[in-house]
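Atoms considered below: every heavy atom in the structure, side chains included; atoms not considered: hydrogens, waters and symmetry mates.
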Amino acid sequence: VENYYKFLVAAGGPGVSEDHCRVLADKSLDLHDWLVNTLGVVFKPGYNPPWPQEANYEAGLACTGDEYNRDYEGIAEAVPHSHWVEGFETGEGVLTGSKNGSGFFQPLKNAVEALGPEVFYETRARQLVMDASGRVVGVVASEKGKEVTIKASKAVILSTGGFAKNEEMVHQYCPYADGSFVIGTPGDMGDGIRMGQGVGADTRHMNFAYGQLSTSTWMYRHSVVGGPLISGILVNQRGLRFISEDHYSGSYYAQVVRNPYYYTDYNPFYMVYDSAILEEMLPIAEVKPENVVATGNTVAELAESLGMPKGSLEATLEYYNKYASEGEDPVWKKAAQWVKPIATPPFYAMKATTLNGLFTFGGLKINTDAQVIHALTQKPIPGLYSAGRNASDIFGTGYQASGASIASCYTFGRIAGAKAAAETPWDA
């Protein structure tokens, strides 16, 4: 647990909430037991190790984060954190082994239906109702085109997702992400965040988001960090290397898109590699050649075809190769197994972008009890809770690993539910 906490804080980057990370880590074992023994979630056994070890695609455990990156040496022991669960066939409730969200959602849905609550489908909440004392007492919603008002017996929990599908909000808060491919559902319109703002809620990290490297299928074997292209180098349009290439595919986003020179230097940037690396890549099924934009028999030829400043890429590779021949990366400290000279012609460049797989980090400011905080008083708004990407919880500028959102949704969703259930009913 302590190792997990230290990794969450370090990988979360500037702005990370240490308090929320503490809660997530402390409750992680209990969450696993609850998912398995109460909901019936089935975690797939086995481990899929990083390349070049033999793949085990059916395994449930993998490293899909920065656990093995040298940024965390001396901070946290390298432990894989991402778990796949057995998926369900939609509508049938039969385990299929599919790696998708059904393995989490279907058991949750079954458990909710077994409790017998009244569920309003096709009903979109649009506004919170607050009484004269400042307590949230219900919602105004539209049900199949008709406006309805729904009373909350004890509290309202906002859990409507982020705002990645709302182009206006993305442009307002994360303009660098305009045009991204979006991960999410049509419901990720930011409605819950807007409703919270409507009753004075504070927000946090609204300009932070996730995007993954478009070359990730080249760099990583399926579901696992590690692949031949990590031995290449990422360079900007000036031919300058700017990061260690053995990061998780979601770790480049904060480094690139919020750079003041993003539109001139990093949109796009390039992965440079040679024919020796290409030979290692070809046997990997996920490798597809669509993004290769330039080739050259010399580095100078490659640089010229990319329109880079004279001598810049050549100097970058000359320096890199000098130390790579000794297995070292003195500038960015890439792990030694990925460091080798890029010197076998022809040379290749692949276009890369981080505008791929967008979802948003920002949302309503909550405390560790999942209570929504008022912008003026910085105190909890009575009767109002939030969880999931509707709220800002563990994340700073970085994403800790694939699955971190599901873990935080469940952790703070459970807290919100327990706290709301313990509230005293109010009288109409």
Side-chain angles (χ1 to χ4, degrees), residues 51-52 69-70 212-220 226-247 249 251-253 255-284 286-356:
W51 184 87
N69 191 274
R70 290 179 64 187
Q212 61 188 15
L213 198 64
S214 61
T215 59
S216 59
T217 54
W218 286 73
M219 297 179 71
Y220 309 139
L229 199 56
I230 293 179
S231 293
I233 59 170
L234 281 167
V235 296
N236 63 18
Q237 294 176 28
R238 301 176 193 266
L240 303 175
R241 188 166 170 248
F242 56 90
I243 197 170
S244 173
E245 294 79 12
D246 59 351
H247 278 288
S249 64
S251 297
Y252 302 92
Y253 199 69
Q255 177 81 2
V256 174
V257 295
R258 285 185 284 273
N259 189 295
Y261 299 103
Y262 169 66
Y263 287 103
T264 58
D265 286 10
Y266 297 93
N267 188 24
F269 52 102
Y270 301 99
M271 172 63 80
V272 173
Y273 57 104
D274 64 4
S275 57
I277 294 174
L278 178 63
E279 285 297 316
E280 291 186 277
M281 292 164 59
L282 293 177
I284 297 180
E286 293 88 359
V287 169
K288 301 292 186 294
E290 290 90 348
N291 288 337
V292 176
V293 293
T295 61
N297 290 319
T298 66
V299 176
E301 261 184 43
L302 184 69
E304 183 178 6
S305 65
L306 293 170
M308 291 180 174
K310 290 182 178 181
S312 179
L313 181 61
E314 298 94 305
T316 295
L317 267 173
E318 181 182 1
Y319 178 87
Y320 180 82
N321 287 342
K322 174 183 177 181
Y323 290 96
S325 63
E326 302 168 11
E328 295 183 15
D329 176 16
V331 176
W332 294 107
K333 300 187 183 304
K334 182 158 58 175
Q337 67 263 40
W338 310 120
V339 178
K340 53 188 174 184
I342 301 170
T344 306
F347 301 93
Y348 302 88
M350 185 190 310
K351 183 171 68 173
T353 176
T354 52
L355 300 183
N356 189 52

Exercise. Nearest heavy-atom pair of Pro341 and Ala324: which atoms, and what distance?
Worked result: N-CB, 3.6 Å

For this session: Describe, in one word, how the ring planes of Phe269 and Tyr266 are oriented to each other, choosing from parallel (under 30°), tilted (30 to 60°) and perpendicular (over 60°).
Result: perpendicular

Exercise. From Ile233 CD1 over to Leu317 CG, what is the distance, rounded to the nearest 0.5 angstrom?
Worked result: 4.0 Å

Seminar exercise, completed: For Leu234 and Ala352, the nearest pair of non-hydrogen atoms, with its separation, is CD2-CB, 4.5 Å

Problem set entry | Leu213 versus Asn356, closest heavy-atom pair with distance | O-ND2, 4.0 Å

Exercise. Does the side chain of Ile230 come within less than 4.5 Å of Lys334's, by heavy atoms?
Worked result: yes

Return a table of donor-acceptor pairs under 3.5 angstrom between the side chains of residues 292-304 and protein atoms on other chains or two or more places apart.
from	atom 1	to	atom 2	distance (Å)
Thr298	OG1	Glu301	N	3.0
Glu301	OE1	Asn297	N	3.2

For this session: Using the test side chain to side chain contact (heavy atoms under 4.5 Å, CB included), find all partners of Tyr261 that sit at least two apart in sequence or belong to another chain.
Result: Asn259, Thr264, Asp265

Exercise. With a 4.5 Å limit on heavy-atom distance, are the side chains of Ser231 and Gln337 in contact?
Worked result: no

Exercise. Are any of the side-chain heavy atoms of Tyr348 and Leu229 separated by less than 4.5 Å?
Worked result: no

Problem set entry | Closest non-hydrogen atom pair, Tyr253 against Thr354 | CE1-O, 3.2 Å

For this session: Could you label the plane-to-plane angle of the Trp338 and Trp51 rings as parallel, tilted or perpendicular, counting under 30° as parallel and over 60° as perpendicular?
Result: parallel

Problem set entry | Glu326, Glu328, Glu280 screened by salt bridge (charged side-chain N to carboxylate O under 4.0 Å, His left out) with Lys340, the one that passes | Glu280

For this session: Rounded to the nearest 0.5 Å, what's the gap from CD on Gln255 to CD1 on Ile243? Could you check?
Result: 4.5 Å

For this session: Answer yes or no: is there a side-chain heavy-atom contact under 4.5 Å between Met308 and Val235?
Result: yes

For this session: State, yes or no, whether a side-chain contact exists between Val339 and Tyr320 at a heavy-atom distance under 4.5 Å.
Result: yes

Exercise. Side-chain contact, heavy-atom cut-off 4.5 Å: Ser214 with Leu355?
Worked result: no

For this session: Calculate, to the nearest 0.5 Å, the distance between atoms OG1 and CZ belonging to Thr316 and Phe242 respectively.
Result: 11.5 Å

Exercise. Under 3.5 Å, is there a donor-acceptor pair between the side chain of Tyr252 and the main chain of Glu245?
Worked result: yes

Problem set entry | Contacts of type salt bridge (Lys or Arg N to Asp or Glu O under 4.0 Å), residue Asp329, not counting sequence neighbours | Arg241

Exercise. Can you tell me how far OG of Ser312 sits from CG of Asn236, rounded to the nearest 0.5 angstrom?
Worked result: 7.5 Å

Seminar exercise, completed: Nearest heavy-atom approach of Pro268 to Lys351 is CB-CG, 3.4 Å

Exercise. Within a radius of less than 6.0 Å around CZ of Arg238, do more than 12 heavy atoms belonging to other residues, nucleotides or ligands occur?
Worked result: no

For this session: List the atom of Asn321, the atom of Ala343, and the distance in Å for their closest heavy-atom pair.
Result: ND2-CB, 4.4 Å

